[in-house]
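To find a chain, count down the sequence lines: A is the first, B the second, and so on, and within it residues start at 1.
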Number of protein chains: 2
Amino acid sequence: MAAQRAKTPRDSSARQRLTAADWADAALTAMGEGGLAAVAVEPLAARLGATKGSFYWHFSNRDALIEAALERWEEVDTEAVITEVAAEPDPGERLRRLLLMAANRSAADPRDVSLLASAAHPRVAAALARVTARRLGYVAALFTELGFPEDEARHRGLLAYTAFLGHTHLGHAVPQSLPDGAARDRYLDGVIETLVRP
Amino acid sequence: MAAQRAKTPRDSSARQRLTAADWADAALTAMGEGGLAAVAVEPLAARLGATKGSFYWHFSNRDALIEAALERWEEVDTEAVITEVAAEPDPGERLRRLLLMAANRSAADPRDVSLLASAAHPRVAAALARVTARRLGYVAALFTELGFPEDEARHRGLLAYTAFLGHTHLGHAVPQSLPDGAARDRYLDGVIETLVRP
DNA sequence: ACCTGAACACCGTTCAAGT
DNA sequence: ACCTGAACACCGTTCAAGT
């Protein structure tokens, strides 16, 4: 999980100098583990085997580190998912796969959750606005492809996305409240049927 | 907005001693404004015109203050809403009112959002589990009253509640992504129709 | 160019002393 | 019984000095 440079593999016994990307990756990891509050310079420095002073060579302050981590997040948690799903030609099946990923990621990746809660932070708010527009646009386009008129497609896309978000949050905070195993598949099928019905 | 005691009205010029309830109310307010991180002893002390030392007379530590604030939250943000809606005899209309409150509170009250994101905190997790069970149980019972078999009622209740949660989150973090005014009413009607259709 | 180490401000916690 | 004020540890930030 530690941020490693590609060029020269580095182990804890003989470590090289750090790059800004090392700090940003470590920050994104920390954000997933403990939210924005866990993006703390001193603990990260300890984890990377450096001093706080080193950090301030690469970044002007903690806020700049958060910004860099957020840029990585936009790539990893939105574009990567959309790219992965884009190969599937049937829009109904694409929708199904998107929702399945939601259910699967809900337990694993708490970053969406912690970022939504940190919307008061200006940099977080800006990243959220971009990511939300991108996701809602993508899902609405799916419903358009399925044959719904534009207005209805946006509404259904919004319902699908809010349900996705809420599901992710519950999976992170209160996992026992979500159906499990076969019951989860039945639930998901029911949701998709409800969303796709004319 | 400041926590005031009922007995002796207190203004800033001649303030009395503080009670544990004063600190808990101030903590809940702060939580709404800036999340768990904003429940900070020193700033709260400043706001209440007392010293940090005073705080440690009423509470053993910051964690105990969080616990007290969470108890207030369970009352205010769950029981109060359920009580308010309970008067309405028609279950379909009760559902409608619940979702309307969701849409209205989404802009105003970010406490659900910040608490869901703080699920890593053990006390928060316990409060969330209780509140989630209570809310899901209530909504599922609504669908049972509407005539759905138990399994289907739970599924629809979960879809309704996750959509509610996601809607609240978006309303807080990216309000411009939600429909507004008349469009919001149309959206809400569509969602309810979708949820209630056999 | 990149990093260390010491310094200082801010908040959590403790505690002896005040009323 | 309730509170103050000083003390100390932890993390953000700065900066002079090292390699």
Between [N] ([atom2]) and [X] ([atom1]): distance, integer Å:
| X | N | atom1 | atom2 | value |
| --- | --- | --- | --- | --- |
| L36(B) | dC11(C) | CG | C1' | 16 Å |
| L48(B) | dC11(C) | CG | C1' | 16 Å |
| L18(B) | dA1(D) | CG | P | 17 Å |
| D22(B) | dC2(D) | CG | P | 12 Å |

Base-pairing string, 5' to 3', of DNA chain C - Watson-Crick or wobble, under 3.5 Å, | interstrand
||.|||||...|||||.||

Student check: side-chain heavy atoms of L116(A) and L116(B) closer than 4.5 Å:
no

Just so I know, are the side chains of V41(B) and N61(B) near enough to count as touching, which here means a heavy-atom distance under 4.5 Å?
no

Where the side chain of A40(A) is concerned, which of dG12(D), dT4(D), dG5(C) is the nearest nucleotide?
dG12(D)

If you measure from the Lys or Arg side-chain nitrogens to the Asp or Glu carboxylate oxygens, is any gap between E88(B) and R94(B) under 4.0 Å?
no

Does a salt bridge link R97(A) with E84(A), judged by any charged N lying under 4.0 Å from a carboxylate O?
no

Students often mix this up, so state it plainly: with edges at 30° and 60°, are the rings of W23(B) and H58(B) parallel, tilted or perpendicular?
tilted

Base, backbone or nothing for each nucleotide of nucleotides 13-19 of chain C, written B, S, -, heavy atoms under 4.0 angstrom, 5' to 3'?
BB-----

Grab the two heavy atoms, one from H155(A) and one from R186(B), that are nearest each other, plus how far apart they are.
CE1-C, 4.2 Å

How many angstroms lie between atom CG of L178(A) and atom NE2 of H169(A), to the nearest 0.5 angstrom?
12.5 Å

Can you tell me if S177(B) uses its side chain to pair, donor with acceptor, with the backbone of V174(B) under 3.5 Å?
yes

Please state whether the phosphate of dC3(D), meaning OP1 or OP2, lies under 4.0 angstrom from any side-chain nitrogen or oxygen of H58(B).
yes

